[in-house]
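Here's the structure, in structure tokens; my notes come after.
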Amino acid sequence: RFVAENLHCIVSYDIISKVVTLNQKAGKPIDGYATIVDCKWENHLGGNTGYQSYDNNESTSWATYAVNTEPCEIIYTFDKVYSLSQMDIMFNNPKDRSFYYEAYSSEDGINWSTLVKNGESVRMEVQDYQEIKFSDKNNIKYIKLVCSGNSGSGSNNIVEIRFPVK
């Protein structure tokens with residue numbers, strides 16, 4: 001537990017081979033934001049995995065492609081239930097395109113409520129976080145984003161995501 005908490009990674013041990021494996025999934029928790037402990041995603045392009053969408057590194061991202069216009073999903077898991085009213089997303093290259101998405105919340109990972117329907121990012125001159133407000137505060141343990149590409153292609157690209165706790 002000490003290693004996991006201090007290195008912000010998942011520690012696993014293989015009893016047969018007696019090998020310890022450390023898997024770093026994200027950057028350090030940020031004060032004032034919900035702590036993401038894991039995520040699951042459907043696919044990614046190259047080495048741009050879902051973990052890179054919350055690693056506190058603006059030079060990495062989760063990149064995926066909506067094949068045959070089928071949207072791509074990513075589900076973030078928090079360390080506990082939070083009362084959230086917004087998410088902040090930094091999309092890649094927002095000057096040249098808008099990204100399309102929907103967002104859903106859950107306390108149990110089974111029953112989902114809509115947070116954002118038919119969302120569209122704002123085009124910006126500078127790559128920065130976009131505040132996406134929810135209509136109400138919600139008790140959330142899981143957030144699912146359903147990404148449907150952008151105004152130029154089926155590509156989805158989230159540089160960073162965070163969830164302010166207010």
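Position 1 is the first residue of the sequence, and the numbers go up from there.
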M87 CE to S105 OG distance, which is reported to the nearest 0.5 Å:
10.5 Å
Salt bridge (Lys or Arg N to Asp or Glu O under 4.0 Å): pairs with one or both residues in residues 108-125, sequence neighbours excluded:
K95-E125, E102-K117
For C147 versus I158, what's the shortest heavy-atom pair and its separation?
SG-CD1, 4.4 Å
Only counting residues at least two apart or in another chain, list the ones meeting salt bridge (Lys or Arg N to Asp or Glu O under 4.0 Å) with K80.
none
N157 meets the side-chain hydrogen bond (donor to acceptor under 3.5 Å, both in side chains) criterion, sequence neighbours left out, with S61
Considering only heavy atoms from C-beta outward, does the side chain of Y51 approach that of W41 to under 4.5 Å?
yes
According to side-chain hydrogen bond (donor to acceptor under 3.5 Å, both in side chains), who are the partners of D96, at least two apart in sequence or on a separate chain?
N93
Quick one, T77 with V37, criterion side chain to side chain contact (heavy atoms under 4.5 Å, CB included). Give me CA distance, side-chain angles, the key distance, then yes/no.
CA-CA 6 Å; T77 304; V37 294; 4.1 Å; yes
When you compare the side chain of V116 with that of L145, does any pair of heavy atoms fall below 4.5 Å?
no
Might you work through the side chain to side chain contact (heavy atoms under 4.5 Å, CB included) test for I74 and W62, ending with a clear yes or no?
CA-CA 9 Å; I74 186 165; W62 171 60; 3.7 Å; yes
Do Y76 and S53 have side-chain N/O donor and acceptor atoms under 3.5 Å apart?
yes
Spacing of I89 atom CD1 and E131 atom CD [to the nearest 0.5 Å]
12.0 Å
Indicate yes or no: at least one non-hydrogen side-chain atom of I140 is less than 4.5 angstrom from one of F78.
yes
CD (Q52) and CD (E160) are apart, to the nearest 0.5 Å, by 9.5 Å
Connected-component partners of Y142 among ILVMFWY, side-chain separation under 4.5 Å:
I75, Y104, W112, V146
In chain order, what residues pass the side-chain hydrogen bond (donor to acceptor under 3.5 Å, both in side chains) check against S59, with sequence neighbours excluded?
N57
Taking the side chain as C-beta and beyond, is there a heavy-atom pair between D55 and T60 under 4.5 Å?
yes
Residues pairing under salt bridge (Lys or Arg N to Asp or Glu O under 4.0 Å) where one sits in residues 135-149, two or more places apart or in two chains, turn out to be none
Can you name the residues that form a ring pair (Phe, Tyr, Trp, His ring centres under 6.0 Å) with F134, not counting sequence neighbours?
none
Under the side-chain hydrogen bond (donor to acceptor under 3.5 Å, both in side chains) rule, collect the residues that match up with Y100, sequence neighbours excluded.
none
Mind checking the CG-OG spacing from N139 to S113? Nearest 0.5 Å is all I need.
10.5 Å
Nearest non-hydrogen partners of R97 and S121, listed with the distance:
O-OG, 4.3 Å
Shared-cluster residues of V159, by chain and number - hydrophobic side chains joined below 4.5 Å
M90, Y129
Rounded to the nearest 0.5 Å, what's the gap from CG on D79 to CD1 on I36? Could you check?
10.0 Å
Would you sort out whether N111 and S106 count as a side-chain hydrogen bond (donor to acceptor under 3.5 Å, both in side chains), showing the intermediate values?
CA-CA 6 Å; N111 301 300; S106 177; over 6 Å; no
Listed by chain and number, what are the salt bridge (Lys or Arg N to Asp or Glu O under 4.0 Å) partners of R162, not counting sequence neighbours?
D88
In this structure, CG of N150 is separated from CZ of F91 (nearest 0.5 Å) by 10.0 Å
Co-membership, hydrophobic cluster, residues Y54 and V165, 4.5 Å side-chain
yes
Mind listing the closest non-hydrogen atom pair of S148 and P71 along with its distance?
OG-CB, 3.7 Å
